[in-house]
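Heads up, the thing below is written out as structure tokens.
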Amino acid sequence: MSELSAFRGKIVHCLRDPGVASDSGAVEYFSDGLLLVRNGHVAEVGPAAKLLQNLSEDCSITDCKQSWILPGFIDCHVHYPQLDIIASYGERLLDWLNTYTYPAEAHFGDAAYAHETAEFFLDELLRNGTTSAMVFATVHPESVDAIFASAQRRHMRLWSGKVLMDRHCPDSLQDNPVTGYDDSLALLERWHGQDRLQYAITPRFAPTSSHQQLTAAGRLADKHPDVYIHSHLAESQAEVAWVAELFPDQVSYVGVYEHYGLLRERSIYAHCLHLEDTGVNAMAASGAAMAFCPSSNLFLGSGLFDLERAAAAGARVGLGTDVGGGTSLNMLRTIGDAYKALQLRGQPLSAIRALYLATLGAAEALYADDKLGNFQRGKEADFVVLNTQNRPLVNRRLTRADNLSEALFALMILGDDRLVRQTYVLGEPALPLPA
Ligand code: GUN
Ligand code: ZN
């Protein structure tokens, strides 16, 4: 029987979707709580006063009493090869791709370059309290091997896949329907289900894949229903108009993915800004998920996500940073951007719902809520410890908060990576201990 370890602090997690009305029963909070971990999984969570009574004397207790303990953040959409072009100035989506993104991605056929970036990227995720992510690689198989190998070394739960793109991008970045299929299949067979790694079939977006390539992607998805699908959808108006030109026989952008068998459970689409109601309903009905990426949507001037419409349709939604279109890997900053973007739509985001979108909701979007997203017994013990002691303003604001919602809201709006004291993956510290 392996050892039990205990973590004592202000513990908060979501039990279900709080919805628009912000159902207060959707969240559980222990102002002095104890999280018990055995074998990398949650053994129990509850009030410290109660759980300490039955705890054996030799159980190690990590004292985080001044800190908050939250489930690890889950980033539903991020590009690791775009780290080096984060914060690139002045373009809208399609020009930004041509000017910055494609040239940056061209380096990732070099395994050593991909490895170095993957290592840096995952260390940054962990430094920000993000323990899991759905990650775009590049068209090069080397880029996928690099991110999976680095995630495996860190014992992280992570999704990735080779980007499929065989047109409307630089020749040097193009695959073709046959190599795209074969390389994806080989990577899927190598990595899917290894430890905590999951493969995602990844057509970049409809404009950069031919009819033949989308057909092949659909065939692969059909043969491997347990594998994921990851792409972009309706991010900018110009992109939507381009898709209508390229696929005149399809009724809509969502219809394109649906036609090729790419709209189903375990498919996740970034952005979903410029959709018809029928598209949103089709996504919800199929079990596909939306990655809401507010930082990127504001930075690239793409548009404002309609969370209420997605929720009313019953669509799965998780938060994504979309770095390099997004400007931070930090989920607290992303929540801050989500709040502000939704304010512009008259849809203020409650603190509890924001927590949900970054943890349990994201896990549901990724069909991983049986393993991740909260501290239910048996789930994987990925969590983050946030400490405000060295942040005078945050600390001062929190001492003036009257209730959990108010405190959590201020924590999220004012917080960033400086709050992260430690990130735990399967119950083990993931960051070097502070000197
Ligand atoms: N659409 C197609 N490719 C991309 C990408 O790399 N980033 C974003 N934000 N949108 C895309
Ligand atoms: Zn993206």
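Worth knowing before you read on, the calculation uses all heavy atoms, side chains too, and leaves out hydrogens, waters and symmetry mates.
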Can you tell if the side chain of [X] reaches within under 4.5 Å of the side chain of [Y], non-hydrogen atoms only?
{"X": "Glu119", "Y": "Arg153", "value": "yes"}
{"X": "Leu51", "Y": "Glu44", "value": "yes"}
{"X": "Thr62", "Y": "Gln422", "value": "no"}
{"X": "Lys379", "Y": "Gln376", "value": "yes"}
{"X": "Thr138", "Y": "Leu173", "value": "no"}
{"X": "Leu357", "Y": "Leu307", "value": "yes"}

Excluding sequence neighbours, so at least two apart, what forms side-chain hydrogen bond (donor to acceptor under 3.5 Å, both in side chains) with Thr327?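 Ser295.
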
[X] side chain to [Y] side chain, donor-acceptor N/O pair below 3.5 angstrom:
{"X": "His77", "Y": "His79", "value": "yes"}
{"X": "Tyr113", "Y": "Glu142", "value": "no"}
{"X": "Asp75", "Y": "Thr130", "value": "no"}
{"X": "Ser231", "Y": "Tyr257", "value": "yes"}
{"X": "Glu28", "Y": "His13", "value": "yes"}

Taking CZ in Arg396 as the centre, count heavy atoms belonging to other residues, nucleotides or ligands within less than 6.0 Å. Is the count above 12?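 No, not enclosed.
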
A quick test of your reading: do over 12 heavy atoms of other residues, nucleotides or ligands sit less than 6.0 Å from CD of Glu308?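 Result for CD/Glu308: enclosed.
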
Whether Tyr80 and Phe108 hold their rings parallel, tilted or perpendicular, with breakpoints at 30° and 60°: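 Geometry flag for Phe108 against Tyr80: perpendicular rings.
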
Gap between atom CG of Asp175 and atom CG of Asp183 - 0.5 Å precision: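 The CG atom of Asp183 sits 7.5 Å away from the CG atom of Asp175.
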
How about Tyr199 and Trp191: are their ring centroids closer than 6.0 Å?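 Not close enough - the centres of the two rings lie 6.0 Å or further apart.
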
